[in-house]
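Please read the structure below before turning to the comments.
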Protein chains: 2
Amino acid sequence: MQAARTRGVRPVGCLRRMQPVKIVIVGCGRVGSTLARRMAKEGHQVAVVDENIAAFARLGEDFEGQMVVGSGIDEEVLRRAGIEQADCFASVTNGDNRNIMAAQVAQSIFKVRRVITRIYDPIRAEVYREIGLETMCPTTIGAGILYEFFGSGRNVAASGTLVGDTAGAQG
Amino acid sequence: MQAARTRGVRPVGCLRRMQPVKIVIVGCGRVGSTLARRMAKEGHQVAVVDENIAAFARLGEDFEGQMVVGSGIDEEVLRRAGIEQADCFASVTNGDNRNIMAAQVAQSIFKVRRVITRIYDPIRAEVYREIGLETMCPTTIGAGILYEFFGSGRNVAASGTLVGDTAGAQG
C-alpha cells in the first residue's frame, strides 16, 4: 500500500495555501456537502444550492457558508448564491442534464473561471470535455479503479492515493 | 492536461496481459456493467449478479458472460455465479450494506483472492479498509477531484489520468 501511495498523484492541497476564494456548489448530496464543508472550514466563501431544503442537513450545524434553496439552472438563484463574484463552480446534483446545463450557465453567462460538472454517462462526459467543459465521470473512474485492482492488486482508491487526503473533510 | 497525465498514475492494463481470470460482479448498474463488458471483451470469464433482471440490459446484446438473477448476499446465488472458482469479486450495488456484506461473504466464506466493494459513506469505507476489506468510496474520490481542480486547475478525472484509459469499456 505504501508503495502505491508514493507512485500515485501526490496530495496537493493548493487551496489551503490560496487566498480565500468564492465557490458555488450546486447539489448538496454526498459529494457536494463534503466539498462544501471542507472548503468552508478552510476559510473559503462557499454557497451551496439545492432544490431540497432537507439536503442542507448534510452540511452540519457548524457550516458557515451560504445555503440557497432553488434550482441550479435558474440564473436568479445562482445570482443569489453570489455567482457573479465566484471563482469556482461545481454542479453535482443527481441529474446529468441539470449538471451540464448549470455548468454551462456558470461558464458561458457568468464567466466563472474554474467550472467542473459531474456526468454519470461516460460518453457524454467525454463529449462535453472535448467541447471545453471540465467533467468528472464516476462511472469511468469507478470501473477503472476496479479494473486496476483486479489486474494489479493495487487499490488506488485508498485514502490519499488519488488526489490528496480528503478524509479531513469528514471531521 | 498532458503534464497532468504524465504526473498521474500510468495506465497499467495488467488484465490484458494476464491469463483469463474468473470474476464475479454483484450489481449491474453503470459501474458494474461497464467493468463486466470490458473484462468479458478481454476474454475473462465474467458473471454478473443482480436482483433486477432489467439491469442486465446495460450489458448489451453481445455480452458473453453469465447473468445471474438474485441477491448478492445469498450464498446459493453466488455459487450459481461460480464464486467457488472466482479469482476476483466486486460488489457495486446501490446499497452500502449489501455491498459490504456481499464482499465479506466473498472474502471470508469463499476465500476469493481479490475482493473490493464500493461504499458511499466515507467513514465506513475507511473503517472497513482498516479491518482488511478493500473499499472504493465515490464520495471521497469525487470531492477530492473537485477540490484538486479548484486548487490547481488540474482535472485528474480526465480520461486516462487516474487509472488507465477506461474509455475502451464503452465501445
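In what follows, chains are A, B, ... by sequence order, proteins preceding strands, each numbered from 1. Given the structure is predicted, the values throughout are model-derived calculations rather than measurements.
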message = Using the side chain to side chain contact (heavy atoms under 4.5 Å, CB included) definition, which of the options A:Phe150, A:Tyr147, A:Phe149 pairs with B:Cys88?
response = A:Phe150
query = Are A:Val31 and B:Val156 connected in a single hydrophobic cluster, I mean Ile/Leu/Val/Met/Phe/Trp/Tyr linked by side-chain heavy atoms less than 4.5 Å apart?
reply = yes
inquiry  = For residues B:Val49 and B:Phe63: do they belong to one hydrophobic cluster (side chain heavy atoms under 4.5 Å, members Ile, Leu, Val, Met, Phe, Trp, Tyr)?
reply    = no
query = Got more than 12 heavy atoms from elsewhere within 6.0 Å of CE, A:Met67?
reply = yes
note = One should read off an interatomic distance between B:Asn155 CG and A:Glu134 CD, to the nearest 0.5 angstrom, of 4.5 Å
message = Just verifying a value: how many Å separate B:Thr135 OG1 and A:Ile145 CD1, rounded to the nearest 0.5 Å?
response = 10.5 Å
message = Which atoms of B:Val92 are under 4.5 Å from chain A, going by heavy atoms: the side chain, the backbone, both sets, or neither?
response = side chain
query = More than 12 foreign heavy atoms under 6.0 Å from CD of A:Glu64: is that the case here?
reply = no
inquiry  = Please classify the contact of B:Phe89 with chain A as side chain, backbone, both or neither, using a heavy-atom distance under 4.5 Å.
reply    = backbone
ask   = Which answer fits B:Ser33, side chain, backbone, both or neither, if we ask what part of it has an atom under 4.5 Å from a heavy atom of chain A?
value = neither
inquiry  = With clusters defined by side-chain heavy atoms of hydrophobic residues (ILVMFWY) lying less than 4.5 Å apart, directly or transitively, does A:Met39 cluster with A:Val48?
reply    = yes
ask   = With the 4.5 Å side-chain cut-off for hydrophobic clustering, are B:Ile53 and B:Val46 part of the same group?
value = yes
message = Do A:Ile25 and B:Leu146 have side chains that approach each other closer than 4.5 Å (heavy atoms only, starting at C-beta)?
response = no
